[in-house]
Amino acid sequence: MIEEDLYRSGQPNELNFPFLEKLGLKTVVWLAPEEPNQRFLNFIDDQDIKWQHLGVMSSVNALDPITEEVVLAALEIILNPRNHPMTVMCNLGRHRTGCLRKLQKWNLTSIFEEYRRYAGPKVRVLNEQFIELFDTDLVRVPVNRPKWL
């Protein structure tokens, strides 16, 4: 759980589907460049969950951080309460909340502490640099934004 009605995770397997069903998800934002497995895509379709695959817009180099374009597109979806409850997914669910925390006015120390806790040994300096340099003024915050923003 990132915030109320907003979750993060890696790609779920079939054992996770009952839990996801209990969340009553309306939207899944997929940030990995590759497609998830077909069983998960079938689950999304069966549950009538809106699928947003933004990972195809990502950088070509897997070691590069996610692009600003993808972050802005994801935040536009995340900040619209009509899309909630929702989950943001990448392959492992580790690297993708720092720009949201910056938008929430968290200090960089707290943002990096959360990032490092989830990333574990997969911490990437490029991701931290991207978060630090991300310009929150580029984000269009809707009038009917989530209460946690």
Side-chain angles (χ1 to χ4, degrees), residues 1-13 15-37 40-59 64-120 122-124 126-149:
M1 181 180 220
I2 299 170
E3 294 291 348
E4 183 178 346
D5 287 337
L6 179 60
Y7 306 91
R8 80 168 125 220
S9 75
Q11 179 173 204
N13 62 44
L15 294 174
N16 307 123
F17 294 171
F19 174 74
L20 292 175
E21 194 171 348
K22 288 180 183 175
L23 296 177
L25 296 173
K26 290 184 184 176
T27 309
V28 169
V29 175
W30 182 261
L31 296 176
E34 62 279 341
E35 292 286 331
N37 67 54
F40 181 55
L41 290 173
N42 292 343
F43 171 79
I44 289 170
D45 189 47
D46 292 344
Q47 298 297 312
D48 199 28
I49 298 171
K50 185 177 180 182
W51 171 250
Q52 298 284 340
H53 186 189
L54 301 180
V56 293
M57 299 166 38
S58 293
S59 175
D64 285 344
I66 196 167
T67 66
E68 184 176 85
E69 178 185 27
V70 171
V71 170
L72 293 171
L75 286 171
E76 186 173 333
I77 296 164
I78 290 166
L79 297 178
N80 184 344
R82 291 181 300 212
N83 295 322
H84 297 179
M86 71 179 307
T87 187
V88 178
M89 295 182 172
C90 59
N91 263 352
L92 299 172
R94 294 179 176 163
H95 301 292
R96 305 298 186 218
T97 61
C99 293
L100 174 65
R101 297 306 192 193
K102 192 168 182 183
L103 192 61
Q104 290 177 300
K105 307 230 185 287
W106 282 30
N107 66 54
L108 281 175
T109 301
S110 297
I111 293 169
F112 292 157
E113 191 280 325
E114 181 185 50
Y115 167 71
R116 290 172 185 149
R117 185 174 9 146
Y118 283 97
K122 302 281 188 176
V123 168
R124 297 181 189 146
L126 283 175
N127 284 334
E128 291 181 337
Q129 183 180 42
F130 180 88
I131 293 165
E132 183 175 358
L133 298 175
F134 181 71
D135 183 0
T136 57
D137 290 337
L138 298 174
V139 179
R140 290 184 302 235
V141 178
V143 174
N144 294 332
R145 63 184 182 219
K147 60 185 170 188
W148 39 259
L149 184 62

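Numbering of residues begins at 1 and proceeds along the displayed sequence.
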Main-chain N/O of [Y] paired to [X] side chain as donor or acceptor, under 3.5 Å:
{"X": "Thr87", "Y": "Tyr7", "value": "yes"}
{"X": "His84", "Y": "Ile78", "value": "yes"}
{"X": "Lys102", "Y": "Ile131", "value": "yes"}
{"X": "Gln47", "Y": "Leu25", "value": "no"}
{"X": "Gln104", "Y": "Trp148", "value": "yes"}

Other residues, nucleotides and ligands only: do more than 12 of their heavy atoms fall within 6.0 Å of [atom1] on [X]?
{"X": "Glu113", "atom1": "CD", "result": "yes"}
{"X": "Asp48", "atom1": "CG", "result": "no"}
{"X": "Arg117", "atom1": "CZ", "result": "yes"}
{"X": "Asn144", "atom1": "CG", "result": "no"}

Rounded distance [0.5 Å steps], [atom1] in [X] versus [atom2] in [Y]:
{"X": "Met86", "Y": "Lys50", "atom1": "CE", "atom2": "NZ", "result": "9.0 Å"}
{"X": "Arg140", "Y": "Glu76", "atom1": "CZ", "atom2": "CD", "result": "4.5 Å"}
{"X": "Lys122", "Y": "Asn127", "atom1": "NZ", "atom2": "CG", "result": "12.5 Å"}
{"X": "Asn42", "Y": "Asn37", "atom1": "CG", "atom2": "CG", "result": "9.0 Å"}
{"X": "Thr67", "Y": "Phe130", "atom1": "OG1", "atom2": "CZ", "result": "6.5 Å"}
{"X": "Phe17", "Y": "Leu15", "atom1": "CZ", "atom2": "CG", "result": "9.0 Å"}

pair [X]-[Y]: side-chain heavy atoms closer than 4.5 Å:
{"X": "Trp106", "Y": "Leu100", "answer": "no"}
{"X": "Pro142", "Y": "Leu79", "answer": "yes"}
{"X": "Leu20", "Y": "Pro12", "answer": "yes"}
{"X": "Ile77", "Y": "Leu54", "answer": "yes"}
{"X": "Glu132", "Y": "Leu108", "answer": "yes"}
{"X": "Leu75", "Y": "Phe134", "answer": "yes"}
{"X": "Glu35", "Y": "Trp30", "answer": "no"}
{"X": "Leu6", "Y": "Met1", "answer": "no"}

Which atom names give the shortest non-hydrogen contact between [X] and [Y], and what distance separates them?
{"X": "Ile2", "Y": "Arg8", "result": "CD1-CB, 3.6 Å"}
{"X": "Pro146", "Y": "Pro81", "result": "N-CG, 3.8 Å"}
{"X": "Ala74", "Y": "Val29", "result": "CB-CG1, 4.4 Å"}
{"X": "Val139", "Y": "Leu72", "result": "CG2-CD2, 3.8 Å"}
{"X": "Pro85", "Y": "Gly24", "result": "CG-O, 3.2 Å"}
{"X": "Met89", "Y": "Phe40", "result": "SD-CZ, 3.5 Å"}

Axial cation check for Tyr115 ring with Arg101, 6.0 Å and 45° limits
no

Ion pair Glu3/Arg145, N-O distance below 4.0 Å:
no

Would you call the rings of Trp51 and His53 parallel, tilted or perpendicular, taking 30° and 60° as the class edges?
tilted

